[in-house]
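A quick note: this is a predicted structure, and the numbers were derived from the prediction, not measured. Just so we're on the same page: letters track the sequence lines, and every chain starts at 1.
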Amino acid sequence: MVRVRFAPSPTGPLHIGGLRTALFNFLFARKNNGKFILRIEDTDQLRYVPGAEDYIIESLRWVGLDYDEGPDVGGPKGPYRQSERVEIYRKYAQELVDKGWAYYAFDTPEELDAMRQRLREARSPVQLYNHITRSEMKNSFTLSESEVKERIESGEPYVIRFNMPADRQIVVHDIIRGEVKVNSNTLDDKVLFKSDGFPTYHLANIVDDHLMEISHVIRGEEWLPSLPLHVLLYEAFGWESPQFAHLPLILKPNGKGKLSKRDGDQMGFPVFPLDWTDPKTGEKIRGYREWGYLPEAVINILAMLGWNPGTDQEIFTLDELIEQFSLERVQKSGAKFDPDKARWFNQQHLRRKSNEELAGMFRPILQLQGIEVDDRYLLRVIELLKERVEFVEDFWTKGYFFFEAPRSYDPKGVKKAWKEQTPQIMRELKEKIIQIQDFTSENIERELKQWIESKGLSFSKVFTPLRLLVQGSTSGPHLFDMLELIGKDEIIKRIEYGIENIKK
RNA sequence: GCCCGGUUCGUCUAGUGGUUAGGACGCCAGGUUUUCAACCUGGAGGUCACGGGUUCAAGUCCCGUACCGGGUGCCA
């Protein structure tokens with residue numbers, strides 16, 4: 001039985017790197033008829049951010065990554081919030097102490113700093129709390145059993161550290177990267193249980209993955225260095241280890257490093273699925289959703305960052321991804337995020353939507369403008385604009401003139417199309433348009449072209465200024481379809497108004 | 001510093017010892033269009049990080065170096 005989990009910690013808004021980890025877990029679970037579990041890793045009291053958990057849940061829901069078990073939906077292996085499981089971790093930490101795999105330590109943060117500082121100054125290649133240095137610190141190795149007991153009973157703060165064995169060659173296996181070998185001497189006695197009564201990630205993670213019967217741990221590459229520790233923890237408990245897959249990181253588009261919080265607003269693309277307002281600073285960051293991205297597009301963008309099907313297919317629905325996903329085809333190297341391609345994905349998915357769906361998404365934007373239109377008109381507008389739009393908002397920015405007369409005229413367009421003789425031509429054109437009885441696209445085109453030819457004018461001398469008058473700029477949708485849709489009376493009004501108001 | 005991982009057009013990538021190194025985004029040009037977009041056709045863009053091996057043959061296997069990234073916390 002495949003059981004995988006997405007285990008974010010609620011220290012801020014979910015980042016798209018995290019969302020991709022969730023996606024790959026989800027795809028793997030669905031592909032293998034397994035379970036996808038959401039677990040909230042809120043063991044850090046200091047970094048806890050109110051609202052972050054709700055944000056995570058809402059984000060997953062928005063993109064359609066439904067989980068089978070989780071804090072809000074429950075499940076047989078709950079609770080799914082680590083803060084509600086502290087007693088469990090305490091018990092297992094104790095078990096490791098009893099078995100000799102862990103020990104008590106009483107060093108203060110200052111003492112730890114001093115130790116690292118000293119080692120650095122001594123040019124020691126490693127500055128670790130390990131099998132060598134622990135003999136100089138305050139812990140179960142240096143204190144007598146009774147003194148340890150006494151300190152604990154007197155309420156002195158303590159932590160429980162892992163007893164990292166010396167000189168062990170650890171070989172771990174990763175589905176994406178193959179074998180990774182590490183010597184335990186480069187590892188340290190990690191804190192497993194903190195003095196605040198909470199476990200660290202390492203302990204809680206292993207205990208929960210075991211108790212929740214997780215079969216595959218699919219997580220970001222930043223966890224690869226702690227994999228040997230985790231494997232040793234499974235050994236210490238005598239548990240069978242799940243399989244591991246470490247996903248490549250998503251990197252900044254230009255420049256270096258992991259994609260992070262502020263990159264988005266600076267470089268003109270979102271880094272978070274939804275809008276987020278920092279509860280402390282009040283700072284607002286825009287999300288994919290509010291930016292106008294379709295959830296389908298976000299899924300597609302993330303799926304293609306670090307995975308590919310091995311075919312030329314690039315546009316996928318979630319179901320198609322489930323069908324074709326495999327961990328074996330996940331890339332080893334980090335992928336730079338490409339904002340241009342992200343836009344392209346959105347455009348592709350937008351075009352695959354029905355006109356009715358698009359109308360449903362566009363109407364709220366119109367309502368914001370105080371505009372009410374009937375469905376037939378709206379659907380025609382969408383039909384005319386659909387191929388030239390990347391985001392839903394573009395229906396407004398590129399088509400507002402279907403709903404109201406242009407308020408201004410694009411200066412470049414005016415310069416290009418509005419010549420000395422143009423007002424006179426437009427006056428005559430207006431008279432011609434008044435005469436057109438059958439005001440349909442096809443007929444308007446035929447009659448106007450005939451008229452232009454009979455006057456010995458060129459199409460562009462007439463049509464470009466006409467377009468300018470009707471829509472305020474010189475590039476846009478099919479001219480005659482647009483004229484038909486806007487209607488004869490309104491067209492005439494716009495021509496009259498424009499002739500008076502465009503100055504040359 | 002130390003540990004781990006990575007390295008194919010600007011970007012995402014195909015490629016598993018023998019290919020003119022393929023596709024997509026973006027860019028450029030032509031076609032189409034009253035215009036722009038879309039679409040179609042074409043183009044530029046890669047000494048497969050570098051250096052050494054192994055082999056009749058290496059982007060593909062091995063070693064070293066460089067560079068990039070991650071980790072190195074009582075953070076996850």
Both A:Gln127 and A:Thr108 contact RNA chain B. Which one's nearest nucleotide lies toward the 5' end? A:Gln127

Round to the nearest Å and state the distance from A:Glu484 atom CD to B:rU34 atom C1'. 17 Å

B:rG45 and B:rC62: how far apart are their P atoms, nearest whole angstrom? 32 Å

From B:rG26, B:rU7, B:rC12, pick the nucleotide closest to the side chain of A:Leu305? B:rC12

What's the gap between B:rG30 and B:rG69 when it is taken at their C1' atoms, as a whole Å value? 43 Å

So A:Ser124, base contact, sugar-phosphate only, or nothing? Heavy-atom distance under 4.0 Å. nothing

Using the C1' atom as the point on both nucleotides, what is the distance between B:rC9 and B:rG15, in whole Å? 15 Å

Atom CH2 of A:Trp307 to atom C1' of B:rC12: distance rounded to whole Å? 13 Å

Could you tell me which nucleotide pairs with B:rC74 by Watson-Crick or G-U wobble geometry, both distances under 3.5 Å, or answer none if nothing does? none

Please state how far atom NE2 in A:His15 lies from atom C1' in B:rG70, giving the value in whole angstrom units. 14 Å

Can you measure A:Leu227 atom CG to B:rA76 atom P for me and round it to whole angstrom units? 18 Å

A:Asn308 vs B:rA14: side-chain N/O to OP1/OP2 distance below 4.0 Å: yes

The Watson-Crick or G-U wobble partner of B:rU35, with both key distances under 3.5 Å, is none

Whichever of A:Tyr158 and A:Gly476 has its nearest RNA chain B nucleotide further upstream toward 5': A:Gly476

Base-pairing mate for B:rG17 - Watson-Crick or G-U, with both contacts under 3.5 Å: none

Which nucleotide in the set B:rU34, B:rG5, B:rC2 lies at the smallest distance from any side-chain heavy atom of A:Glu221? B:rG5

Over all strands shown, is A:Gly310 touching base, sugar-phosphate only, or nothing at heavy-atom distances under 4.0 angstrom? nothing

In whole angstroms, the gap separating C1' of B:rG73 from CZ of A:Phe198 amounts to 18 Å

Could you let me know what B:rU65 is paired to, Watson-Crick or G-U wobble, both distances under 3.5 Å, or none if it's on its own? B:rA49

Contact class for A:Leu224 vs. all strands (heavy atom < 4.0 Å): base, sugar-phosphate, or nothing? sugar-phosphate

Who pairs with B:rU54 - Watson-Crick or G-U, where each distance is under 3.5 Å: none

Nearest-Å distance for atom pair CZ/P, residues A:Phe463 and B:rU35: 10 Å

Phosphate contact (B:rA14 OP1 or OP2) by A:Gln331 side-chain N/O below 4.0 Å: yes

Assign A:Val159 to base, sugar-phosphate, or nothing according to its heavy-atom contacts below 4.0 angstrom with the strands shown. base

In whole Å, measure the gap between the C1' atoms of B:rC48 and B:rU19 for me. 13 Å

Considering only the P atoms, how many Å lie between B:rC25 and B:rA37, rounded to the nearest integer? 15 Å

Do the side-chain N or O atoms of A:Thr200 get closer than 4.0 angstrom to the phosphate oxygens (OP1, OP2) of B:rA76? no

Does the side chain of A:Tyr288 come under 3.5 Å of the side chain of A:Asn346 through a donor N or O and an acceptor N or O? no

If you round to the nearest 0.5 Å, how far is CD1 of A:Ile160 from CG of A:Asn163? 12.5 Å

Interatomic distance, A:Lys332 NZ vs B:rU60 C1' [rounded to whole Å]: 12 Å

When you check the phosphate oxygens OP1 and OP2 of B:rG73, does a side-chain N or O of A:Arg116 lie under 4.0 Å from one of them? yes

It should be established whether A:Lys194 places a side-chain nitrogen or oxygen under 4.0 Å from OP1 or OP2 of nucleotide B:rA76. yes

Does any N or O donor sit under 3.5 Å from an N or O acceptor when you compare the side chain of A:Lys398 with the base of B:rA37? no

Classify the side chain of A:Thr186 and the base of B:rC3 as holding, or not holding, a donor-acceptor pair under 3.5 Å. no

Can you tell which of B:rC3, B:rU11, B:rU34 lies closest to the side chain of A:Val182? B:rC3

Name the closest nucleotide to the A:Arg388 side chain, picking from B:rC36, B:rU72, B:rG26. B:rC36

Hey, does the side chain of A:Arg351 come within less than 4.0 Å of B:rC39's phosphate (OP1/OP2), counting only N and O? yes

In whole Å, what separates the C1' atom of B:rG51 from that of B:rA14? 27 Å

A:Asn139 and A:Tyr129: side chain donor to acceptor below 3.5 Å: yes

Donor on one side chain, acceptor on other, A:Thr440 and A:Asn443, under 3.5 Å: no

One should read off an interatomic distance between A:Met115 CE and A:Gln127 CD, to the nearest 0.5 angstrom, of 9.5 Å

Are more than 12 heavy atoms from other residues, nucleotides or ligands located less than 6.0 Å from atom NZ of A:Lys332? no

Give A:His202 one of three labels, base, sugar-phosphate or nothing, depending on what nucleic acid heavy atoms sit under 4.0 Å from its own. nothing

Answer with base, sugar-phosphate or nothing: what part of the nucleic acid does A:Leu128 contact at a heavy-atom distance below 4.0 Å? sugar-phosphate

Between B:rC74, B:rU34, B:rG70, which nucleotide has the shortest distance from any of its atoms to the side chain of A:Pro225? B:rG70

Counterpart base for B:rA24, defined by Watson-Crick or G-U wobble contacts under 3.5 Å: B:rU11

Salt bridge flag under 4.0 Å for residues A:Arg85 and A:Glu41: no

Ring centroid separation for A:Phe463 and A:Phe480, is it under 6.0 angstrom? yes

Between B:rU13 atom P and A:Gln313 atom CD, what is the distance in whole Å? 17 Å

When A:Phe106, A:Tyr104, A:Tyr103 are each screened for ring-ring contact (aromatic ring centres under 6.0 Å, His included) with A:Phe141, the one that passes is A:Tyr103

Any A:Arg161 side-chain nitrogen or oxygen under 4.0 Å from OP1 or OP2 of B:rC74: yes

N/O (side chain, A:Lys386) to phosphate O (OP1/OP2, B:rA38) under 4.0 Å: no

Could you please spell out the steps behind the side-chain contact (heavy atoms from CB on, under 4.5 Å) verdict for A:Glu428 and A:Trp451? CA-CA 10 Å; A:Glu428 289 174 34; A:Trp451 178 80; 3.8 Å; yes

Scan A:Thr11 against the nucleic acid and name what it touches under 4.0 Å (heavy atoms): base, sugar-phosphate only, or nothing. nothing

Does A:Ser475 reach a base, just sugar-phosphate, or nothing at all? Heavy atoms under 4.0 Å. base

Given that both distances must come in under 3.5 Å, which nucleotide forms a Watson-Crick or G-U wobble pair with B:rA29? B:rU41

Over all strands shown, is A:Arg467 touching base, sugar-phosphate only, or nothing at heavy-atom distances under 4.0 angstrom? base

Looking across every strand, which nucleic acid part, if any, lies under 4.0 Å from A:Arg329 by heavy atom: base, sugar-phosphate, or nothing? sugar-phosphate

So A:Pro248, base contact, sugar-phosphate only, or nothing? Heavy-atom distance under 4.0 Å. nothing

Taking any heavy-atom pair under 4.0 Å as a contact, classify A:Asn205: base, sugar-phosphate, or nothing. nothing

Regarding A:Gly306, tell me which of base, sugar-phosphate or nothing describes its non-hydrogen contacts under 4.0 Å with the strands shown. sugar-phosphate

